[in-house]
Amino acid sequence: MASIKDVAAEAGLSVATVSRALNGHPSVSPAARHRVRAAVESLGYRPNAVARSLRTDQTRTLGLVISDVMNPYFTELARSVEEEARALGYSVVIGNADERPDLQDHHVTTLLDRRIDGLLVSPTDGGSPGMLDAARAGTPMVFVDRWIPGVDVPVVRSDGRAAVRDLVAHLHGLGHRRLAIIAGPAATTTGRERVDAFREALGAYGLSLPGAYIGQGDFQAESGRRATECFLDLPEPPDVVFAADNLMALGALDAVRARGLRVPEDIALAAFDDIPWFVHTDPPVTAIAQPTRDLGRAAVRALVERIAGRAGESVTLPARLVVRRSCGEPGGSGEPGGSRRSDEPGRSGGRPTESPSSVRNRPTESPSPVQRSTP
């Protein structure tokens with residue numbers, strides 16, 4: 001394997017000049033820089049990353065700690081982060097917290113020990129001691145998707161409130177009045193925010209969200225199944241189950257089918273976090289899509305700004321509603337023409353007019369609270 005001395009000999013330059021050229025030092029002339037590049041290519045020389053990090057105090061490596069690598073949303077987010085980092089000359093090391101604060105701390109500590117330049121985190125629960133200590137110690141860090149109020153770290157996330165309003169307007173227009181939600185963990189910002197947005201959107205139509213219509217989930221499929229079973233056992237089950245993430249939606253679909261029921265004929269289903277699988281389910285699932293790839297790219301750029309000593313800006317991008325056929329739509333589609341955006345006229349303001357075929361004999365009043373029965 002070629003060494004830096006071999007490159008210097010090939011280029012006819014001193015080792016010091018070659019070292020400065022490889023590290024981008026401005027004192028090296030363009031001609032010398034060209035000779036070094038030619039020698040590097042000719043010899044197949046690869047700089048020693050560890051040695052370079054000791055000289056420059058940078059490893060050109062970013063850490064990414066995600067909440068659940070099995071969740072398709074985070075898988076796509078990680079891919080986008082890796083692509084953008086690579087384009088900017090960085091490598092990425094990924095840690096999967098599996099929604100566990102102790103694992104999150106393990107990965108944060110391990111990554112910092114490897115002298116990463118900066119850290120992207122989607123905090124699990126309300127954070128974890130090690131992660132909070134790293135943020136407060138000034139480690140270049142950016143929160144992505146989730147965040148922790150009161151911690152001075154840029155946040156890159158999507159805003160789903162307008163899309164949730166669009167969803168409720170859409171469901172109301174189809175004649176649905178009894179709407180339930182499978183919520184994510186209350187300790188997470190996304191868990192709380194989606195329930196609050198759903199309740200607020202229902203209120204605009206004079207509908208309430210009884211306690212029995214709130215199922216507590218954990219962003220895992222099994223919790224979606226359990227919550228849906230509880231909904232189905234109620235004296236007055238909901239017309240619609242809105243799962244606050246894609247895995248819980250798949251669990252809800254399993255629970256409905258296990259009872260011998262059909263979507264949307266017996267109960268409708270909608271989800272937050274669209275995934276490619278939803279176009280292949282029967283029926284295709286109406287969902288709220290986040291701009292996942294854009295979020296990953298924006299998070300990397302914000303982190304690189306932090307590494308460079310600049311503030312790094314928080315970024316909020318809008319989510320959008322994708323209408324398919326799981327809520328009784330007469331002809332939804334997963335194509336762009338089937339999407340409803342919050343900036344379309346009539347989607348966020350005013351009550352949509354119901355079509356006669358969509359009423360399905362539902363009561364128009366808000367559901368009264370009922371007690372959850374034992375499965």
Side-chain angles (χ1 to χ4, degrees), residues 23-24 49-50 52-69 71 73-97 99 101 103-159 188-190 290-319:
N23 286 288
V50 174
R52 173 178 286 182
S53 72
L54 294 174
R55 293 192 303 271
T56 65
D57 202 32
Q58 284 195 349
T59 61
R60 306 295 293 181
T61 304
L62 308 180
L64 170 64
V65 181
I66 55 178
S67 304
D68 181 8
V69 74
N71 187 316
Y73 166 77
F74 286 112
T75 303
E76 183 178 1
L77 181 70
R79 179 177 180 179
S80 176
V81 165
E82 194 278 331
E83 288 175 348
E84 184 67 14
R86 178 159 30 90
L88 296 177
Y90 288 85
S91 298
V92 178
V93 180
I94 300 175
N96 173 36
E99 299 290 358
L103 273 182
Q104 179 172 270
D105 264 0
H106 166 76
H107 290 305
V108 168
T109 300
T110 301
L111 290 168
L112 293 177
D113 286 346
R114 295 186 63 170
R115 304 181 68 251
I116 58 167
D117 296 336
L119 191 59
L120 293 167
V121 184
S122 178
T124 184
D125 287 332
S128 55
M131 188 271 295
L132 292 172
D133 288 345
R136 291 164 182 155
T139 302
M141 186 181 295
V142 170
F143 290 151
V144 57
D145 183 64
R146 306 174 187 178
W147 67 100
I148 301 175
V151 179
D152 187 19
V153 169
V155 179
V156 175
R157 66 184 186 94
S158 69
D159 184 354
T188 63
T189 48
T190 48
Q290 298 196 72
T292 314
R293 294 179 67 81
D294 291 338
L295 291 173
R297 287 191 286 263
V300 171
R301 291 194 292 267
L303 182 57
V304 170
E305 287 290 298
R306 297 282 281 186
I307 292 169
R310 295 182 284 271
E313 295 184 358
S314 292
V315 177
T316 302
L317 302 174

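Index from 1, following the sequence. For the numbers below, each heavy atom of this structure counts, side chains included, while hydrogens, waters and symmetry mates do not.
With sequence neighbours excluded, no residue forms a side-chain hydrogen bond (donor to acceptor under 3.5 Å, both in side chains) with Arg136. Partners of Asp105 under the side-chain hydrogen bond (donor to acceptor under 3.5 Å, both in side chains) rule, at least two apart in sequence or in another chain, are Ser128. Partners of Arg114 under the salt bridge (Lys or Arg N to Asp or Glu O under 4.0 Å) rule, at least two apart in sequence or in another chain, do not exist in this structure. Asp294 is linked by a side-chain hydrogen bond (donor to acceptor under 3.5 Å, both in side chains) to Arg297, counting only residues two or more places apart in sequence or in another chain. Ala298 is linked by a side chain to side chain contact (heavy atoms under 4.5 Å, CB included) to Val156, Arg301, Val315, counting only residues two or more places apart in sequence or in another chain. Residues that satisfy the side-chain hydrogen bond (donor to acceptor under 3.5 Å, both in side chains) test with Glu313, not counting sequence neighbours, are absent from this structure. Residues meeting the side chain to side chain contact (heavy atoms under 4.5 Å, CB included) test with Thr316, sequence neighbours left out: Arg157, Asp159. Taking the side chain to side chain contact (heavy atoms under 4.5 Å, CB included) definition, one finds that Ile94 meets it with Leu64, Ile66, Ala78, Val92, sequence neighbours left out.
Counting heavy atoms from C-beta on, the side chains of Ile307 and Tyr90 come closer than 4.5 Å. Contact check for Val121 versus Gln104: side-chain heavy atoms found under the 4.5 Å cut-off. Two residues are said to be in side-chain contact when any heavy atoms from C-beta on lie closer than 4.5 Å; Arg293 and Glu76 meet this criterion. Side-chain contact between Pro140 and Leu303 is present, with heavy atoms from C-beta onward closer than 4.5 Å. Taking 4.5 Å as the limit, every side-chain heavy atom of Asn96 sits out of range of all side-chain heavy atoms of Leu103.
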Would you tabulate the side-chain donor-acceptor contacts of residues 144-155 under 3.5 Å, counting partners in other chains and residues two or more places apart, or write 'none'?
unit_1 : atom_1 : unit_2 : atom_2 : d
Asp145 : OD1    : Tyr73  : OH     : 2.9
Arg146 : NH1    : Ser67  : OG     : 3.2
Arg146 : NH1    : Glu99  : OE1    : 3.1
Arg146 : NH1    : Pro123 : O      : 3.3
Arg146 : NH2    : Glu99  : OE2    : 2.8

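Using modelled atom types, no side-chain atom of Thr139 and backbone atom of Ala135 make a donor-acceptor pair closer than 3.5 Å. Not a single donor-acceptor pair under 3.5 Å links the side chain of Asp117 to the backbone N or O of Leu62. Proximity of a side-chain donor or acceptor of Ser158 to a complementary backbone N or O of Pro318 within less than 3.5 Å is not detected.
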